[in-house]
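What follows is a single structure, written as structure tokens, with notes after it.
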Protein chains: 2
Amino acid sequence: MLNQSAEYALRAVVHLATLPADQQASAGDISDRTKVPIPYLQKVLRTLTRRGVLHAKRGMGGGFCLAKSSGEITVLEILNAFDSSPQRIETCPLGIKGHTHLCPLHTLIDEQVANAQRVFATTTIHDILGSDSEIRPLCDGLARVSLGLPKDNR
Amino acid sequence: MLNQSAEYALRAVVHLATLPADQQASAGDISDRTKVPIPYLQKVLRTLTRRGVLHAKRGMGGGFCLAKSSGEITVLEILNAFDSSPQRIETCPLGIKGHTHLCPLHTLIDEQVANAQRVFATTTIHDILGSDSEIRPLCDGLARVSLGLPKDNR
DNA sequence: GGATAAATGGATAGTCAAATCCACTAACGG
DNA sequence: CCGTTAGTGGATTTGACTATCCATTTATCC
């Protein structure tokens, strides 16, 4: 569903969001915590910085921190930075003109995309952390928060 | 959301489902109707045949037809034939052991996958065609059927 | 100011899906 | 039986994404 870059970026941002405000974390620190290969993570972090999601500080004691509060960063925003986030089907994929509606097949698929995208657009990093400070992200605990959608147990 | 092979396969199967039962359609015929490049479509059709979704007939007047009724073919079945269908997140992607639950981040993502997969598993090709015979698939009409989920108009 | 720490930018391999091509086999028609 | 039609199987090319490496710039500490 997500590409690797987006998965890595989400891990990094979620991790940074758990740190005290404005505390710097170097690429190496984040790599240890998120289990992402350092060279690739550096590239991902650079992209997030250019996008205005992170703030970078060079030199000794430098590193990365969130450029805004976790409640202002949506999951979709991060996915878009890496061309992840499944694309809506706007027009007939067969290239047939004059159709104002999608056919049933592509409508079905687009509905699934729309559902996922709506959730990603309205979920912030803050939401993922949860209001309860006991909950720890990145698989570092047993906590499981409900995010409004029922978990399908198949 | 879907890879090209799965998209092409769905188009082909939906098209075949609109034909009179057991009528053969050659790869060329299907290619014309679904706007899929012939060589690639041939490969897709071969896969569907091996999977038991289609029946192939060689020689003059030959071609492909559904191997079972459209109500017995699910969308998920076709996606699985091409490793499309977004994968559920079963275990912690960070490789941390001893965790019986996903963290909030991966839970959120997995919920979206689960929702889509549930719909694909319960929707058959027959459902896509719609009970109303007026409705034409593959963007060949203006019809739009509701498939149980609200359309998101953004 | 020199040494060290750390982000930046660009260039470079590896991998996999998308797409194409060609030689081969099977079925039907005259 | 011979030719045409059409599916089968394998080899190949292309491009995007994953991943890595190195030289450069910036900032801090002594």
Side-chain angles (χ1 to χ4, degrees), chain A residues 1-13 16 22-67 79-87 93, chain B residues 1-13 16 22-67 79-87 93:
Chain A
M1 165 139 252
L2 274 51
N3 59 28
Q4 276 300 91
S5 298
E7 161 73 28
Y8 290 166
L10 282 172
R11 286 189 207 173
V13 172
L16 287 173
D22 292 325
Q23 177 176 330
Q24 305 289 325
S26 71
D29 293 342
I30 302 172
S31 171
D32 289 343
R33 193 61 174 63
T34 59
K35 312 294 180 192
V36 176
I38 305 181
Y40 195 53
L41 179 63
Q42 288 177 322
K43 199 174 195 175
V44 168
L45 294 173
R46 251 179 281 148
T47 300
L48 289 173
T49 302
R50 274 195 295 267
R51 283 277 180 154
V53 175
L54 301 185
H55 175 71
K57 190 183 175 190
R58 295 192 184 197
M60 207 172 174
F64 299 86
C65 64
L66 299 187
L79 300 191
N80 283 337
F82 300 94
D83 298 315
S84 204
S85 131
Q87 286 303 295
Chain B
M1 168 139 251
L2 274 52
N3 59 29
Q4 276 301 92
S5 298
E7 161 73 27
Y8 291 166
L10 281 171
R11 287 189 207 172
V13 172
L16 287 173
D22 292 325
Q23 177 175 331
Q24 305 289 324
S26 70
D29 294 341
I30 302 171
S31 171
D32 289 341
R33 193 60 174 63
T34 58
K35 313 294 181 192
V36 176
I38 305 181
Y40 196 52
L41 180 63
Q42 287 176 323
K43 198 176 197 177
V44 168
L45 293 172
R46 252 179 281 146
T47 301
L48 288 172
T49 302
R50 273 196 297 266
R51 283 276 180 151
V53 175
L54 302 184
H55 176 71
K57 191 182 174 188
R58 296 194 184 194
M60 205 170 173
F64 299 87
C65 63
L66 299 187
L79 301 191
N80 283 338
F82 299 94
D83 297 316
S84 204
S85 130
Q87 286 302 295

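Chain A is the first sequence line, chain B the second, and so forth, proteins listed ahead of strands; every chain is numbered from 1.
Going from atom CG of B/Leu41 over to atom P of C/dC21 covers 15 Å, rounded to whole Å. Atom NE2 of B/His55 is separated from atom C1' of C/dA26 by 13 Å (rounded to the nearest Å). At whole-Å resolution of the value, CG in A/Asp29 and C1' in C/dA5 are 12 Å apart. The separation between B/Asn3 atom CG and D/dC17 atom P is 14 Å, rounded to whole Å. One interatomic measurement links the two molecules: CD of A/Gln24 to C1' of D/dT26, which rounds to 14 Å at whole-angstrom precision. Regarding B/Ile38, its CD1 atom lies at a distance of 14 Å from the P atom of C/dC22, rounded to whole Å.
With a cut-off of 3.5 Å on both pairing distances, the Watson-Crick and G-U wobble pairs of DNA chain D assemble into stems of 3 or more at C:1-30 with D:1-30.
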Notebook entry, point to check: When you check every protein heavy atom under 4.0 Å of nucleotides 8-15 of chain D, what one-letter string (B, S, -) results, 5' to 3'?
Noted result: SB-B----

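Nearest-nucleotide positions on DNA chain D for A/Gly59 and B/Gly61 put B/Gly61 closer to the 5' end.
Backbone-only engagement by A/Gly63 is indicated by non-hydrogen atom pairs under 4.0 Å involving sugar-phosphate atoms exclusively.
Here the side chain of A/Gln4 is nearest to one of D/dT28, D/dA19, C/dC28, namely D/dA19. Nearest nucleotide to the side chain of B/Ser5, out of D/dT28, C/dT20, C/dA18: C/dA18.
Side-chain atoms of B/Asp32 do not come within 3.5 Å of backbone N or O of B/Asp29 as any donor-acceptor pair.
Dashed line: the shortest gap from a side-chain N or O of A/Tyr40 to OP1 or OP2 of D/dC17 is not under 4.0 Å.
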